[in-house]
Enquirer: 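So that we are looking at the same thing, I have put the structure below in structure tokens.
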Amino acid sequence: MGKPKIDALSGLVVVTGASSGIGLELARRAAEDGVSLLLVADRDLSEGEAAARTAGARDVETLLCDLATDEGVQHVMDAIADRPVAALFANAGQGLGEAFLDQDWQAARKVIDTNIVGTTHLIHEVGRAMRARNEGRILVTGSIAGHMPGAFQLVYNSTKAFLNNFCIGLASELKETSVVVTCLEPGPTDTEFFERANLMDTRVGKSEKADPVKVARDGYSAMLAGDDDIVSGFMNKVQAVFGDILPNDLVAQMHRKLAVPKRR
Ligand SMILES: NC(=O)c1ccc[n+]([C@@H]2O[C@H](COP(=O)([O-])OP(=O)(O)OC[C@H]3O[C@@H](n4cnc5c(N)ncnc54)[C@H](OP(=O)(O)O)[C@@H]3O)[C@@H](O)[C@H]2O)c1
């Protein structure tokens, strides 16, 4: 079944990771359609809430919880209650620089628990209800990092490889339904991500980056169009293709140059 293309969202839209960066811009874009928003993050959401209200959201709820935990996901489901979710933007995620064996295990584990476990758990809950209604859209923020064995950001890249693949497979499983699953794959984007992942002392941390407004709008348009995936930005499309066709050890070496701390 071809996926229904729509011009705008209406109803309840859930955005995870809406306190800053790409998630905040996804919330702002959805607000322009006049939707009701449930914004989720683990920190202050006042900036996202203000942006969404100014952009025209019908109403805005905020929820602080840790999406790396089952309890955090349950809080989101409790906040949704029995309301139909028109769209879920599963965007919350975090990176972590340095060599894997030098990372603190609990920090590395938090990346896996947030990016993979929390994200797929929430999609499992929300996706079941969407399938039962034969309606709804899920936009997952993957990454072009998922096309690259990510020396010196290894756990993060590996989580994004999981998510990129997961989305394409889930879209296939749901192809007989009207439920849309879209994977947004940004390249380096100008958000708090690099600072928080301790990557500022690297080539990628210092490189020119995409505008999160454009990245969010690319993802949003692809989701409305019913597309399975979108790599945002021409050079990122090129990098994603090369990441897939070049030998893996060469890609890992190239990534190493981008992500190894300068002090090493
Ligand atoms: N920036 C890039 O270059 C880039 C490139 C490709 C993909 N991405 C992906 O884009 C997504 C958004 O990142 P961003 O670049 O916009 O960075 P960001 O500004 O750091 O935003 C990350 C968001 O995720 C939330 N988050 C992280 N861990 C969480 C947790 N355990 N529970 C709840 N919320 C959590 C953060 O909220 P709190 O900290 O407030 O909880 C924040 O709202 C991530 O999935 C990231 O992997 C980013």
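Remember, it's 1-based here, ligands and their atoms both numbered in the order they're listed.
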Enquirer: I'd like a table of donor-acceptor pairs (distance under 3.5 Å, sequence neighbours excluded) in which one partner is a side-chain atom from residues 235-242, with atom names and distances.
Expert:
| from | atom 1 | to | atom 2 | distance (Å) |
| --- | --- | --- | --- | --- |
| Asn236 | ND2 | Ser232 | O | 2.9 |
| Lys237 | NZ | Val231 | O | 2.6 |

Enquirer: Who's the nearest protein heavy-atom neighbour of atom 26 (N) of ligand 1, and how far?
Expert: Ala92 CB, 3.9 Å

Enquirer: For ligand 1, which atoms, with element, lie under 4.0 Å from some heavy atom of Glu192?
Expert: 19 (O), 20 (O)

Enquirer: Just to be sure I'm reading this right: ignoring hydrogens, which of Gly72, Gly21, Ala210, Gly93 gets closest to atom 22 (C) of ligand 1? Compare them by their nearest heavy atoms.
Expert: Gly93

Enquirer: Below 3.5 angstrom, do we get any N/O pair linking Phe194 and ligand 1?
Expert: no

Enquirer: Can you confirm if the NZ or CZ of Lys209 lies within 45° of the ring axis of Phe193 and under 6.0 Å from the centre of its six-membered ring?
Expert: no

Enquirer: Please assess Asp249 against Gln253 for the test side chain to side chain donor-acceptor pair (under 3.5 Å), listing each intermediate value before the final yes or no.
Expert: CA-CA 6 Å; Asp249 55 344; Gln253 284 305 315; over 6 Å; no

Enquirer: Pair Arg137, Thr182 - check side-chain contact (heavy atoms from CB on, under 4.5 Å), show working.
Expert: CA-CA 8 Å; Arg137 286 171 197 252; Thr182 303; over 6 Å; no

Enquirer: Suppose clustering is done on Ile, Leu, Val, Met, Phe, Trp and Tyr with side-chain heavy atoms closer than 4.5 Å. Which residues sit in the same group as Phe89?
Expert: Ile6, Leu9, Val13, Val15, Ile22, Leu26, Val35, Leu37, Leu39, Leu45, Val60, Leu64, Leu139, Leu184, Val215, Tyr220, Met223, Leu224, Ile230

Enquirer: Which of the numbered atoms in ligand 1 are under 4.0 angstrom from any heavy atom belonging to Phe193?
Expert: 1 (N), 15 (O), 17 (O), 20 (O), 47 (O)

Enquirer: With backbone taken as N, CA, C and O and side chain as the heavy atoms from C-beta onward, which portion of Pro212 lies under 4.0 Å from ligand 1: side chain, backbone, both, or neither?
Expert: neither

Enquirer: Could you work out, for atom 7 (C) of ligand 1, the closest of Ala216, Ala145, Gly142 by heavy-atom distance?
Expert: Gly142

Enquirer: Please state which part of Cys65 comes within less than 4.0 Å of ligand 1, counting heavy atoms only: side chain, backbone, both or neither.
Expert: backbone

Enquirer: Measuring from atom 6 (C) of ligand 1, which candidate in Gly95, Ser143, Gly118 has the nearest non-hydrogen atom?
Expert: Ser143

Enquirer: Kindly work out whether a path of hydrophobic side-chain contacts (I/L/V/M/F/W/Y, heavy atoms less than 4.5 Å apart) joins Ile112 to Val73.
Expert: yes

Enquirer: Same cluster or not: Ile144 versus Phe166, using hydrophobic residues (I, L, V, M, F, W, Y) connected whenever any side-chain heavy atoms lie under 4.5 Å apart?
Expert: no

Enquirer: Quick check on contacts: which atoms of ligand 1 are under 4.0 angstrom from a heavy atom of Pro188?
Expert: 3 (O)

Enquirer: Hey, is NZ on Lys206 packed in by over 12 heavy atoms from elsewhere, all under 6.0 Å?
Expert: yes

Enquirer: Do you know which of Gln103, Arg196, Arg109, Lys110 makes side-chain contact (heavy atoms from CB on, under 4.5 Å) with Leu96?
Expert: Gln103

Enquirer: Measure the distance from atom 38 (P) of ligand 1 to every protein heavy atom, then report the residue, atom name and distance (to 0.1 Å) of the closest one.
Expert: Arg43 NE, 3.3 Å

Enquirer: Tell me which one of Leu64, Val76, Asp42 gets a heavy atom nearest to atom 41 (O) of ligand 1.
Expert: Asp42

Enquirer: Closer than 4.0 Å to some heavy atom of Ser19 - which atoms of ligand 1 meet that?
Expert: 36 (C), 37 (O), 38 (P), 40 (O), 42 (C), 43 (O)

Enquirer: State whether the number of non-hydrogen atoms from other residues, nucleotides or ligands found under 6.0 Å of Asn198 atom CG is greater than 12.
Expert: no

Enquirer: Near Gln94, which atoms of ligand 1 are under 4.0 Å from a heavy atom of that residue?
Expert: 27 (C), 28 (N), 29 (C), 31 (N)

Enquirer: Nearest heavy atom to atom 9 (C) of ligand 1 wins, so pick from Asp190, Thr189, Thr141.
Expert: Thr141

Enquirer: Name the option, out of Val204, Ile22, Val215, Thr16, that contains the heavy atom nearest to atom 48 (C) of ligand 1.
Expert: Ile22

Enquirer: For atom 4 (C) of ligand 1, what is the closest protein heavy atom, and at what distance to 0.1 Å?
Expert: Gly187 O, 4.0 Å

Enquirer: Can you establish whether the number of heavy atoms outside Gln74 located under 6.0 Å from its atom CD is more than 12?
Expert: yes

Enquirer: Indicate, as side chain, backbone, both or neither, the part of Leu67 found under 4.0 angstrom from ligand 1 when only non-hydrogen atoms are considered.
Expert: both

Enquirer: In terms of atom number and element, which parts of ligand 1 are under 4.0 angstrom from non-hydrogen atoms of Ala18?
Expert: 43 (O)

Enquirer: Side chain, backbone, both or neither: which part of Lys160 has a heavy atom under 4.0 Å from ligand 1?
Expert: side chain

Enquirer: Considering heavy atoms of the protein only, find what lies nearest to atom 20 (O) of ligand 1 and give residue, atom and distance to 0.1 Å.
Expert: Arg196 NH1, 3.2 Å

Enquirer: Charged N to carboxylate O below 4.0 Å: is that the case for Glu32 and Arg28?
Expert: no

Enquirer: Please determine if Asp228 and Lys3 form a salt bridge, counting it only when a charged side-chain N lies under 4.0 Å from a carboxylate O.
Expert: no

Enquirer: Tell me: protein heavy atom nearest atom 12 (C) of ligand 1, and distance?
Expert: Asn91 OD1, 3.4 Å

Enquirer: What is the closest protein heavy atom to atom 23 (C) of ligand 1, and at what distance does it sit?
Expert: Gly17 CA, 3.6 Å

Enquirer: Measure the distance from atom 47 (O) of ligand 1 to every protein heavy atom, then report the residue, atom name and distance (to 0.1 Å) of the closest one.
Expert: Tyr156 OH, 2.7 Å

Enquirer: Just wondering, more than 12 heavy atoms not from Arg43 lying within 6.0 Å of its CZ?
Expert: yes

Enquirer: For atom 17 (O) of ligand 1, which protein heavy atom lies nearest, and how many Å away is it?
Expert: Thr191 OG1, 3.3 Å

Enquirer: Just verifying a value: how many Å separate Leu67 CG and Asp42 CG, rounded to the nearest 0.5 Å?
Expert: 7.5 Å

